[in-house]
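One structure below.
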Amino acid sequence: KEDLNAPPCVGLIAGNGQQAEHTLSICINFANLCDPDMNVFVTKKKYLFIRGEKPSDPKGEILTLSSGSKTLDGYNFSTAIIDEYHQLKDDHAVEALLKSQKLRINPLAIFITTAGSSITGPCHEYYKLQKKKLAKDKPYPDSEIDFIYEPDSLEDIDDESSWIKNMPILEDLPEMQQASVIAQMR
């Protein structure tokens with residue numbers, strides 16, 4: 001494997017085009033916060049480039065695609081982020097992404113999702129597989145880590161004291177925002 005000369009390429013994959021555009025806008029906003037004069041970053045349609053010495057030779061890129069894109073072949077992602085995995089109807093996009101990373105020395109794939117309502121999609125199958133692994137209480141390989149936040153039982157769904165365990169991000173929200181989120185969940 002030889003990817004030492006390949007620039008970093010981050011692929012953000014979303015379940016649909018609207019989610020992909022939203023994800024890219026978050027990245028662009030973050031780039032603007034880090035680099036308000038855009039000396040380092042350049043935006044262009046579905047891409048966010050890291051400037052190279054020549055405009056035609058970027059040092060890296062972040063691009064967004066939806067799982068329904070016509071083709072996901074031909075990329076060389078160093079990092080692939082699959083957002084809202086539960087929205088994907090099949091694993092074609094994921095397989096193409098992971099295949100694109102074969103030439104990378106230390107590729108990284110990140111799956112982010114809420115539970116969703118589908119029990120027939122690839123996300124649910126992955127969930128069941130990971131639950132089995134966690135139940136065995138054996139150490140994971142160094143290359144894999146999973147976090148599953150959910151109630152211990154159906155009775156815990158209505159127990160507000162367990163909600164921070166199920167949604168750890170609540171703990172980081174200011175108290176007023178916590179109350180607002182909890183009120184919406186009731």
Side-chain angles (χ1 to χ4, degrees), residues 3 6-52 55-104 106-130 143-150 167-170 172-173 177 181 184:
D3 77 342
C9 182
V10 177
L12 301 166
I13 307 303
N16 60 55
Q18 185 178 4
Q19 182 72 23
E21 288 174 19
H22 176 70
T23 303
L24 181 62
S25 73
I26 290 170
C27 292
I28 290 170
N29 289 340
F30 183 72
N32 284 326
L33 285 172
C34 297
D35 180 29
D37 298 328
M38 296 304 272
N39 292 320
V40 177
F41 297 102
V42 180
T43 59
K44 189 175 179 183
K45 290 190 180 180
K46 295 182 180 180
Y47 296 86
L48 177 63
F49 292 101
I50 301 166
R51 287 187 193 272
S56 61
D57 187 27
K59 285 188 176 180
E61 61 186 318
I62 299 171
L63 63 131
T64 58
L65 301 160
S66 73
S67 62
S69 295
K70 289 187 174 39
T71 181
L72 294 170
D73 296 327
Y75 294 103
N76 182 12
F77 293 120
S78 51
T79 302
I81 302 171
I82 296 88
D83 188 26
E84 295 301 348
Y85 184 34
H86 74 274
Q87 291 180 350
L88 276 61
K89 296 184 181 8
D90 56 49
D91 256 346
H92 296 306
V94 172
E95 289 167 5
L97 280 175
L98 299 178
K99 188 173 153 186
S100 80
Q101 294 184 309
K102 294 288 185 197
L103 296 176
R104 294 293 184 156
N106 286 311
L108 175 64
I110 301 169
F111 293 76
I112 304 166
T113 194
T114 53
S117 58
S118 172
I119 58 169
T120 59
C123 180
H124 188 69
E125 292 304 313
Y126 184 78
Y127 164 80
K128 290 191 305 189
L129 176 69
Q130 296 316 106
S143 62
E144 186 177 326
I145 186 168
D146 291 292
F147 296 99
I148 299 174
Y149 299 109
E150 63 184 358
M167 294 175 290
I169 196 167
L170 283 176
D172 295 332
L173 296 176
Q177 231 177 332
V181 169
Q184 291 175 12

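Positions are given from 1, in the same order as the sequence printed here.
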Between atom [atom1] of [X] and atom [atom2] of [Y], what is the distance when rounded to the nearest 0.5 Å?
X      : Y     : atom1 : atom2 : value
Cys123 : Tyr85 : SG    : OH    : 6.5 Å
Leu33  : Ile28 : CG    : CD1   : 12.5 Å
Leu108 : Ile81 : CG    : CD1   : 7.5 Å
Leu12  : Thr23 : CG    : OG1   : 6.5 Å
Ile110 : Ile82 : CD1   : CD1   : 8.5 Å

Taking [Y]'s backbone N and O only, do any of them form a donor-acceptor pair with [X]'s side chain (distance below 3.5 Å, no angle check)?
X      : Y      : answer
Asp91  : Pro122 : no
Thr113 : His86  : yes
Thr64  : Leu24  : no
Glu84  : Ala14  : no
Asn29  : Ser25  : yes

Where [X] and [Y] come nearest, the two heavy atoms and their spacing:
X     : Y      : answer
Gln19 : Asp83  : NE2-OD2, 2.8 Å
Ala80 : Gln101 : N-NE2, 3.5 Å
Ser78 : Pro8   : OG-CA, 3.6 Å
Cys9  : Asn76  : CB-O, 3.6 Å

Query raised in the report: Does Tyr126 have any ring-ring contact (aromatic ring centres under 6.0 Å, His included) partners at least two apart in sequence or in another chain, and if so, which?
Result: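 Counting only residues at least two positions away or on another chain, Tyr126 forms a ring-ring contact (aromatic ring centres under 6.0 Å, His included) with Phe111.
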**Report entry** Sequence neighbours excluded, every pair satisfying salt bridge (Lys or Arg N to Asp or Glu O under 4.0 Å) that has a member inside residues 115-125
**Finding:**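 Counting only pairs at least two positions apart or across chains, the salt bridge (Lys or Arg N to Asp or Glu O under 4.0 Å) contacts touching residues 115-125 are Glu125-Lys128.
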**Report entry** Check: Leu97 and Phe77 side chains under 4.5 Å, non-hydrogen atoms
**Finding:**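 Heavy-atom side-chain distance check passes, below 4.5 Å.
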Query raised in the report: Can you find a pair of side-chain heavy atoms, one from His124 and one from Tyr127, that are under 4.5 Å apart?
Result: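 Answer yes - side chains close enough.
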Query - Partner set under salt bridge (Lys or Arg N to Asp or Glu O under 4.0 Å) for Glu95, not counting sequence neighbours - result: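 Testing Glu95 for salt bridge (Lys or Arg N to Asp or Glu O under 4.0 Å), a comparison that skips the adjacent residues, returns none.
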